[in-house]
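Written below as structure tokens is the structure these notes are about.
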Amino acid sequence: MMKEKIEKMSREISSLSDTIRAIEEEMKADDVTFLQNYKSTVERSQCTPQDPEKLSGALINVAKHLGNVKFRVWEKMQEIVQYTPVTLDPNTAADDLILSEDLTSVRYGDKRQPLPDNPERFYKYSSVLGSEGFNSGTHCWDVEVGESTLWFVGVVTESLQRKGDFISMSGRWVVNCHDGKHWACAPPVFTQLTVQQKLQRIRVHLDWDRGELSFSEPDSNTHLHTFTHTFTERVFPYFSVGKFPMSVLPVKVSVRVQ
């Protein structure tokens, strides 16, 4: 539309320029000739400008682009932004672990790293905690263990010691895999689980207020084990890996209007 308007205006400008040049040439003639052609010269010089045509849709649709702009951006962002219910705390990771940049996956490193020996950091068993602890409410997260044959997934209390051999200590509720066998561990009780097929994903569901910690296989919704315990302090998601990486899986997010 703009191109057509510009072309029409260019033709009108060109025509007007030709008329001006013709009148200027006639004005250079002698007085008698000018007077004889005066009437036609005046008629030629007449130019009645027309009001521009007002076309529907010529303006930018401001309402479309700016109406509820924050909501529209939020709606678009859900297609590219992922939310992970648990992020890993690098300050708790044993020095033989390597965490991803987004702190959602962990793998075993080839050698120990020169990390500060702060009180929060685990020293043994290639362990790491989630960054947020829970002392109320219901929480759920899925863990991808993949092809690993050695892993631990669960929760531990905030007061559990991090430096020594804590495997036999209370304050730890986990499901683990070792050499194809699966166990539910809440020291001093260790229960072997019956698993029909190799587990690649584990769902952890914590109901702190009711004192329940459940584990299941999310793809088939197969229940694995449930611990019952009256929690009295904050607990943190716990992860321990072997040679294969482990990841916390993102959950689907949605934007809705109520």
Side-chain angles (χ1 to χ4, degrees), residues 84-100 102-134 139 141-193 195 198-206 213-215 217 224-225 227 229 231 233-249:
T84 306
V86 173
T87 55
L88 306 178
D89 183 358
N91 292 336
T92 67
D95 57 10
D96 57 358
L97 294 181
I98 299 175
L99 275 59
S100 62
D102 61 0
L103 304 178
T104 62
S105 65
V106 57
R107 62 182 177 87
Y108 183 78
D110 295 331
K111 58 182 180 180
R112 294 188 178 275
Q113 306 166 80
L115 299 177
D117 187 22
N118 50 301
E120 302 89 351
R121 192 178 307 282
F122 284 98
Y123 180 73
K124 298 183 68 175
Y125 305 117
S126 304
S127 302
V128 62
L129 296 183
S131 60
E132 182 181 1
F134 310 117
H139 311 274
W141 59 95
D142 291 352
V143 183
E144 176 84 53
V145 296
E147 300 300 324
S148 178
T149 57
L150 177 60
W151 49 261
F152 292 77
V153 173
V155 301
V156 299
T157 58
E158 188 172 20
S159 61
L160 181 75
Q161 76 167 30
R162 315 275 176 94
K163 300 301 180 185
D165 186 349
F166 55 84
I167 290 295
S168 59
M169 293 184 175
S170 61
R172 193 171 66 100
W173 299 267
V174 299
V175 164
N176 87 288
C177 175
H178 181 66
D179 291 337
K181 295 181 180 180
H182 298 81
W183 301 81
C185 309
V189 179
F190 296 83
T191 304
Q192 186 171 357
L193 304 179
V195 177
K198 186 181 183 308
L199 299 176
Q200 293 197 336
R201 293 181 181 87
I202 307 296
R203 174 164 294 167
V204 185
H205 187 275
L206 169 67
L213 178 67
S214 298
F215 296 85
E217 200 286 316
L224 299 175
H225 190 77
F227 294 106
H229 178 80
F231 298 109
E233 63 174 296
R234 189 184 305 271
V235 296
F236 286 80
Y238 173 81
F239 310 88
S240 183
V241 301
K243 293 185 178 181
F244 289 88
M246 175 186 294
S247 302
V248 181
L249 298 177

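Every value quoted in this text rests on a predicted model; they were computed, and no experiment measured them. All values below were derived from every heavy atom in this structure, side-chain atoms included, with hydrogens, water molecules and symmetry-related copies excluded.
Rounded to the nearest 0.5 angstrom, Phe227 CZ and Cys185 SG are separated by 6.5 Å. The distance from atom SG of Cys177 to atom NZ of Lys198, rounded to the nearest 0.5 Å, is 6.5 Å. Atom CZ of Arg201 and atom OG of Ser247 lie 10.5 Å apart (nearest 0.5 Å). Within the model, atoms CG of Asp89 and OG1 of Thr87 stand 8.0 Å from one another, a figure rounded to the nearest 0.5 Å. Interatomic distance, Phe236 CZ to Glu132 CD, rounded to the nearest 0.5 Å: 8.5 Å. Residue Leu97 holds its CG atom at 10.0 Å from CE of Met246, rounded to the nearest 0.5 Å.
Residue pairs that meet the side-chain hydrogen bond (donor to acceptor under 3.5 Å, both in side chains) test with at least one member in residues 151-160, sequence neighbours left out, are Ser159-Glu233.
Counting all heavy atoms, side chain and backbone alike, Leu224 lies closest to Leu193 at O-CD2, 3.9 Å. Residue Pro85 comes nearest to Trp141 through the heavy atom pair CG-CB, 3.8 Å, listed as atom of the first residue, atom of the second, then distance. Of all heavy-atom pairs spanning Ala94 and Ser126, the tightest one is CB-CA, 4.0 Å. In this structure, Leu206 and Phe231 approach most closely via the heavy-atom pair CD1-CE1, 3.8 Å. Closest non-hydrogen pair, Ala93 versus Leu99, comes out as CB-CD1, 3.8 Å. Here the shortest heavy-atom pairing between Glu147 and Gln200 reads OE2-NE2, 2.7 Å.
Within a 6.0 Å sphere centred on NZ of Lys243, other residues, nucleotides and ligands contribute 12 heavy atoms or fewer. Other residues, nucleotides and ligands contribute more than 12 heavy atoms inside 6.0 Å of the CZ atom of Phe134.
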Q | Worked verdict on Val86 versus His139 for side-chain contact (heavy atoms from CB on, under 4.5 Å) | A | CA-CA 10 Å; Val86 173; His139 311 274; over 6 Å; no
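Considering Ile202, Asn176, Thr191, Val195 as possible partners of His182, the one that fulfils the side-chain contact (heavy atoms from CB on, under 4.5 Å) test is Val195. Partner Tyr125 forms a ring-ring contact (aromatic ring centres under 6.0 Å, His included) with one of Phe166, Tyr238, Phe152, Phe239 and no other, that one being Phe166.
For Ser170, the side chain to side chain contact (heavy atoms under 4.5 Å, CB included) criterion is met by no residue, not counting sequence neighbours. Taking the side-chain hydrogen bond (donor to acceptor under 3.5 Å, both in side chains) definition, one finds that Tyr108 meets it with nothing, sequence neighbours left out. With sequence neighbours left out, the side chain to side chain contact (heavy atoms under 4.5 Å, CB included) criterion links Lys181 to Trp183, Gln192. Residues satisfying the salt bridge (charged side-chain N to carboxylate O under 4.0 Å, His left out) test with Asp95, not counting sequence neighbours, are Arg112. For the side chain to side chain contact (heavy atoms under 4.5 Å, CB included) test, residues two or more places apart in sequence or in another chain that qualify with Glu120 are Thr92, Asn118, Arg162.
Annotation: side chain of Val241 is not in contact with side chain of Ser148 (no heavy-atom distance under 4.5 Å). Counting heavy atoms from C-beta on, the side chains of Val204 and Leu213 come closer than 4.5 Å. Residues Arg121 and Lys163 have side chains in contact (heavy-atom distance under 4.5 Å, counting atoms from C-beta outward).
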